[in-house]
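Scope of the values below: all heavy atoms of this structure, side chains included, with no hydrogens, waters or symmetry mates. Nothing here was measured: the structure is a model prediction, and the numbers come from that model. Letters A, B, ... are given to chains in the order of the sequence lines, protein chains preceding strands, and every chain is numbered from 1.
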Number of protein chains: 2
Amino acid sequence: MAEGNERRYSGRSVQEWKDARRERLLDAGLALFGSEGYQGTSIERLCSTAKVSTRHFYQEFPNKEAVLLAVHEQGVQLGLGKALEALTTAEESIDVRLVDALRAYLHTIITDPRRGRIAFVEVVGVSPAAELRRREFREAIVAVIEEEGNAAVARGEMPPQDFRHLAIALVGAVNGVIYDWMFEDPRPPAEELEAALSTLALRIFGLA
Amino acid sequence: MAEGNERRYSGRSVQEWKDARRERLLDAGLALFGSEGYQGTSIERLCSTAKVSTRHFYQEFPNKEAVLLAVHEQGVQLGLGKALEALTTAEESIDVRLVDALRAYLHTIITDPRRGRIAFVEVVGVSPAAELRRREFREAIVAVIEEEGNAAVARGEMPPQDFRHLAIALVGAVNGVIYDWMFEDPRPPAEELEAALSTLALRIFGLA
DNA sequence: ACTGTGTGAAAACTCCGATTTTCGCTTGGA
DNA sequence: TCCAAGCGAAAATCGGAGTTTTCACACAGT
């Protein structure tokens, strides 16, 4: 005992096994919360589709809500990450930057609408703690938009204004339109969505 | 028997008793869902604060969800009703009409933020059926805004455009900003909110 | 081979809240 | 006065899901 070295089972270390289980649970969470809904999926279901025993479930997460929040965080970071990435390459013009970032964010949901369902519906009103987290995530997104606006003002591209309200409004408007789009049958092509959201973003920022 | 006349208990008819109980349940629903949240309130709690026995509860509603939806519908009709009322008196100018209706709607939530919490949070993701209802309600609001835009086009006040997207965006933006306002401490005065939302509405409609 | 630890599957346990039913009391009409 | 209907409160039933625990097997290291 007192050995610092790790034992390996079937090639993988204990930690790797744990990580793989957690990964599978997150995948199952995305799949089930995104199709059956949060309320509609039991821990047991989560475990069976993830091929993880309930015993190990509780080794990774304290409860179902933690899985939901982890999946949600994944989604937010994915979308925000893509948007930030787009911003690093976009030229210094507020309208271009806004539209590019928006498009990048948008594509993460178009690619996988389950993310949209989770972020817009499943995660809402789950618990006070979850609600708090949700607002924190939204705050992060709002902050990016706000900064972008302030930077544009600093570059003299637009007059100073209250970007916080505008950022919140933009998020609400965009998510609302995307959510609506998700239910259209058949779903209009992404280009249409992009176009609608682009003019929207520009208008909200007073650029059109 | 076979009497078509109704018995009266302590002055009130049986139907009046029923109605009163339903009324109290709706009030309790507004109070509890709006403070403890939907998940956080049990039927028992609902009954005790409404001074209604569980036996009578099931005489009025099939389950807790039905109460939530009824309370939500109340709220939507209240807000939409006020907005429509404002529209009947507003002059024929799209910007005035939009702002007036918005202000009327806004005040129903400022007056009672519990309505906001229920509409924006508690009612979301409760069940597939509830989600459907929610979208129907939103559709009703969107339809009003859309009509308003089309009427403005007919009056030659603005160029034709896709008002559906704009209406959805407006709803999302407005609700988002209001929800954010609800958490500010202290809450900024209503005038500020009105101002922010007014410019927002005008911008989204391309009127500013 | 022998012992430790880790593993998946399943059983067992608990708990809470929804739903149903009972029961004794009050009211109004015959 | 007597009965049927309605009432509030509480008990009893019920079911579902979360959580904990058990168990037999597999693998790695000595």
Side-chain angles (χ1 to χ4, degrees), chain A residues 1-25 27-29 32-33 36-70 122 126-127 129-130, chain B residues 1-25 28-29 32-33 36-70 122 125-127 129-130:
Chain A
M1 15 247 71
E3 0 164 358
N5 63 358
E6 68 276 348
R7 230 164 155 145
R8 341 198 99 253
Y9 285 78
S10 308
R12 272 173 276 195
S13 76
V14 171
Q15 186 60 45
E16 286 169 332
W17 278 105
K18 280 190 51 133
D19 291 348
R21 280 195 295 267
R22 166 176 263 266
E23 179 81 18
R24 270 177 288 148
L25 281 170
D27 289 348
L32 293 173
F33 297 154
E36 317 286 321
Y38 175 69
Q39 312 285 347
T41 92
S42 63
I43 289 184
E44 194 180 346
R45 187 83 196 290
L46 215 44
C47 289
S48 66
T49 86
K51 312 281 191 193
V52 166
S53 67
T54 66
R55 178 161 71 91
H56 285 130
F57 175 91
Y58 288 99
Q59 216 155 359
E60 297 305 317
F61 297 98
N63 49 44
K64 194 171 61 162
E65 184 176 319
V67 180
L68 177 68
L69 289 179
E122 301 306 330
V126 162
S127 78
Chain B
M1 12 243 79
E3 1 165 355
N5 64 354
E6 69 275 351
R7 232 166 150 137
R8 338 199 101 252
Y9 284 79
S10 307
R12 271 175 278 196
S13 75
V14 170
Q15 188 57 45
E16 284 170 335
W17 277 106
K18 279 191 51 135
D19 292 347
R21 279 196 294 268
R22 164 175 264 267
E23 179 82 17
R24 272 178 285 148
L25 281 170
L32 293 174
F33 297 153
E36 317 285 321
Y38 175 69
Q39 312 287 345
T41 91
S42 64
I43 289 184
E44 192 180 346
R45 187 82 196 290
L46 214 44
C47 289
S48 66
T49 86
K51 312 281 192 196
V52 166
S53 67
T54 65
R55 177 161 71 94
H56 285 130
F57 174 91
Y58 288 100
Q59 216 154 0
E60 297 306 317
F61 297 99
N63 50 43
K64 193 170 62 161
E65 185 176 318
V67 180
L68 177 68
L69 289 179
E122 301 306 331
V126 162
S127 78

Smallest heavy-atom separation, B/A50 atom then B/A28 atom, equals CB-CB, 3.8 Å
Taking only the side-chain nitrogens and oxygens of B/K51, find out if one of them lies under 4.0 Å from OP1 or OP2 of D/dG8.
-> no
Taking all heavy atoms of B/A130 and all of B/S127, pick out the closest pair and write down the distance.
-> N-OG, 3.0 Å
Using a cut-off of strictly less than 4.0 Å between a heavy atom of the residue and any atom of DNA chain C, enumerate the qualifying residues of residues 38-47 of chain B by number.
-> B/S42, B/I43
Separation of C/dT21 P from B/F57 CZ (nearest whole Å) = 17 Å
Write out all pairs satisfying salt bridge (Lys or Arg N to Asp or Glu O under 4.0 Å) with one or both partners inside residues 55-70 of chain A, taking only residues at least two apart or from two chains.
-> A/K18-A/E60, A/R22-A/E60
Would you kindly give the CZ-to-C1' distance between B/F61 and C/dA18, to the nearest whole Å?
-> 16 Å
Heavy-atom closest pair, residues A/V126 and B/Q39 = O-CG, 4.1 Å
Between B/E36 and B/T41, what is the shortest heavy-atom contact and its length?
-> CB-CG2, 3.6 Å
When rounded to the nearest 0.5 angstrom, what distance separates CZ in A/R24 from CG in A/D19?
-> 11.0 Å
Whole-Å gap separating C1' (D/dT19) and NZ (A/K64) | 14 Å
Between A/L25 and A/V67, the two heavy atoms sitting closest are O-CG1, 4.1 Å
Return the nucleotide paired to D/dC14: Watson-Crick means purine N1 to pyrimidine N3 with N6-O4 or O6-N4, wobble means G-U with N1-O2 and O6-N3, both under 3.5 Å.
-> C/dG17
Closest nucleotide among C/dT7, C/dT19, D/dG18 to the A/R21 side chain = C/dT7
Protein-nucleotides 21-24 of chain D N/O pairs closer than 3.5 Å?
none

Taking everything shown except A/Q59 itself, do over 12 heavy atoms lie less than 6.0 Å from its CD?
-> yes
Starting at CG of A/D27, measure out to OG1 of A/T49 and round the result to the nearest 0.5 Å.
-> 9.0 Å
Syn/anti state of C/dG4 by chi, 90° boundary around 0 = syn
Taking for each residue the nucleotide of DNA chain D with the nearest heavy atom, is it A/N63 or B/H56 whose nucleotide lies nearer the 5' end?
-> B/H56
Atom-to-atom span, OH of B/Y58 to P of C/dG17 - whole angstrom = 12 Å
Does D/dT22 have a Watson-Crick or wobble partner in any strand here, with both distances under 3.5 angstrom, and which is it?
-> C/dA9
